[in-house]
There are 2 protein chains.
Amino acid sequence: MGGLSIGELARRTGVHIETIRYFEKVGLLAEPDRTEGGHRVFTDQHVRALSFIKRARELGFTPGEVRAILELGGPEEACCDEVREIAVHHLDQVRRKMADLERLERLLASTVERCSGGHVPDCPVIDMLDGVAP
Amino acid sequence: MGGLSIGELARRTGVHIETIRYFEKVGLLAEPDRTEGGHRVFTDQHVRALSFIKRARELGFTPGEVRAILELGGPEEACCDEVREIAVHHLDQVRRKMADLERLERLLASTVERCSGGHVPDCPVIDMLDGVAP
DNA sequence: CTTGATCCTGTAGCGACTACAGGTGGCACA
DNA sequence: TGTGCCACCTGTAGTCGCTACAGGATCAAG
């Protein structure tokens, strides 16, 4: 029961077969059992772990962060605190990035506002790029 | 006047020499003039363009987006509108990502809250990873 | 005119996948 | 019991956006 081929696992999680093998190779996903002939046999827990990895990666956690969270998965004491620490740290970074982005957005928006549609010789954007941009 | 070596350009912009050559190779930065002996000679406009590229990359714009902005750099009409379009689109994506992240943060935080420090057998994080995490 | 820093090209490496080539495994169906 | 065929295996090479190095040429100061 619960014995999935790599193809089934890929279908259920939406992760490419090659990527699953890659995750296993770099130690993000536990090595599954094998059939006599060498085919991988995954369990439901692999499904959950892989879904977790996928979600975390999609949300911008680095493989290192994912690994760090995963390495706390045993019955260790401070696991939750450490997981939260990683998540909070990550969130901090994203918020900082977001703040930077909003700053740029304001810059671009105001730049664009001053360039009222047609070609103005002192449009700041054109001014910045003219003659050098390929 | 304004003739910079690649080293000076690197120092002024904080972009690695190799990266400057790379940007030139992939068409992000205009090809500079050369000395008799083949050394690149950059202008102040290169400094501005490269700074722009650097900032945009740091803020998460893809090379494709940067290229798209740069390609509007000539004295074209709708340039500003299009630049704004790209920026707004990018901002949208980041906001969506940020929303996803906040959702995960809430999930993790609440998960963590329920796991009150020590090892509890039904801590959701451990439960999710136990036995499969490497 | 020599010396040493800087520059040149070209190639290879990184991380995190992705894709392919060439070779087995597993299993339904005859 | 074959046999056909898809799914799976390993291993290598490609991608993207750089980064680093090797081996050589150029520049500018003394």
Side-chain angles (χ1 to χ4, degrees), chain A residues 3-43 46-47 49-70 90 93 97 134, chain B residues 1-43 46-47 49-70 90 93 97 134:
Chain A
L4 292 87
S5 71
I6 197 169
E8 279 176 294
L9 181 60
R11 240 170 287 124
R12 288 203 197 176
T13 56
V15 177
H16 288 175
I17 288 178
E18 289 94 344
T19 308
I20 295 171
R21 285 197 281 252
Y22 171 74
F23 283 163
E24 182 190 329
K25 203 178 68 180
V26 300
L28 275 181
L29 192 65
E31 289 183 22
D33 289 344
R34 302 276 185 143
T35 64
E36 291 269 300
H39 286 202
R40 290 169 179 82
V41 181
F42 295 94
T43 68
H46 285 100
V47 176
L50 186 54
S51 303
F52 179 84
I53 294 168
K54 190 195 173 202
R55 195 154 28 105
R57 293 291 297 121
E58 284 171 353
L59 291 167
F61 283 84
T62 66
E65 286 172 325
V66 177
R67 201 190 316 276
I69 295 174
L70 255 29
H90 182 57
Q93 287 184 319
K97 207 169 163 185
Chain B
M1 73 271 290
L4 293 87
S5 71
I6 197 169
E8 278 177 293
L9 181 61
R11 240 170 287 123
R12 288 203 197 176
T13 57
V15 177
H16 288 175
I17 288 178
E18 288 95 344
T19 307
I20 295 171
R21 286 197 280 250
Y22 171 75
F23 283 162
E24 183 189 329
K25 202 177 69 178
V26 299
L28 275 179
L29 192 66
E31 290 184 22
D33 289 343
R34 302 275 186 145
T35 63
E36 290 269 300
H39 286 202
R40 289 169 180 82
V41 181
F42 296 93
T43 67
H46 285 100
V47 176
L50 185 54
S51 303
F52 179 84
I53 294 168
K54 190 194 174 203
R55 196 155 26 106
R57 294 291 297 120
E58 283 171 352
L59 291 168
F61 284 84
T62 66
E65 287 172 327
V66 176
R67 201 190 318 276
I69 295 173
L70 255 28
H90 181 59
Q93 287 184 321
K97 207 169 164 184

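Naming convention: chains lettered A, B, ... in sequence-line order (proteins, then strands); numbering from 1 in each chain. Hydrogens, waters and symmetry mates are skipped; everything else that's a heavy atom, side chains included, is used.
The stretch residues 6-15 of chain B does not touch DNA chain D, since none of its heavy atoms comes less than 4.0 Å from the strand.
Between the CD atom of A:Glu18 and the C1' atom of C:dA21 there is a distance of 12 Å, rounded to whole Å. Regarding B:Glu31, its CD atom lies at a distance of 13 Å from the P atom of C:dC8, rounded to whole Å.
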Tabulated below should be each protein N or O lying under 3.5 Å from an N or O of nucleotides 25-29 of chain C; please produce it.
| from | atom 1 | to | atom 2 | distance (Å) |
| --- | --- | --- | --- | --- |
| C:dG25 | O4' | A:His39 | NE2 | 3.3 |
| C:dG26 | OP1 | A:Thr35 | OG1 | 2.9 |
| C:dG26 | OP1 | A:Gly37 | N | 3.4 |

Report, one pair per line, the protein and nucleotides 15-17 of chain C atoms (nitrogen or oxygen only) whose separation is under 3.5 Å.
| from | atom 1 | to | atom 2 | distance (Å) |
| --- | --- | --- | --- | --- |
| C:dC17 | OP2 | A:Arg57 | NE | 3.0 |

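Legend: residues meeting side chain to side chain donor-acceptor pair (under 3.5 Å) with B:Arg40, ordered by chain and number and at least two apart, are B:Glu24.
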Please tabulate, for side-chain N and O atoms in residues 4-19 of chain B, each donor-acceptor pair with protein atoms closer than 3.5 Å (sequence neighbours left out).
| from | atom 1 | to | atom 2 | distance (Å) |
| --- | --- | --- | --- | --- |
| B:Ser5 | OG | B:Gly7 | N | 3.4 |
| B:Ser5 | OG | B:Glu8 | N | 3.2 |
| B:Glu8 | OE1 | B:Ser5 | N | 3.2 |
| B:Thr13 | OG1 | B:Leu9 | O | 2.7 |
| B:Thr13 | OG1 | B:Val15 | N | 3.3 |

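Annotation: the span from B:Lys54 atom NZ to B:Leu28 atom CG amounts to 15.5 Å, rounded to 0.5 Å. Separation of atoms CZ (B:Arg57) and CG (B:Leu50) is listed at 12.5 Å; rounding is to 0.5 Å. To the nearest 0.5 Å, atoms CZ (B:Phe23) and NE2 (B:His46) are separated by 13.5 Å.
Counting 5' to 3', DNA chain D first comes under 4.0 angstrom of a heavy atom of chain B and last does so at the ends given by D:dG17 to D:dC27.
Using a 4.5 Å heavy-atom threshold, the side chains of A:Leu29 and A:Phe42 count as touching. Looking at heavy atoms from C-beta onward, A:Leu70 lies out of side-chain contact with A:Arg67 at the 4.5 angstrom threshold.
Using a 4.0 Å heavy-atom cutoff across all strands shown, A:Arg40 reaches sugar-phosphate atoms only and no base atom.
Across all their heavy atoms, A:Val41 and A:Pro32 have their closest contact at O-CB, 3.3 Å.
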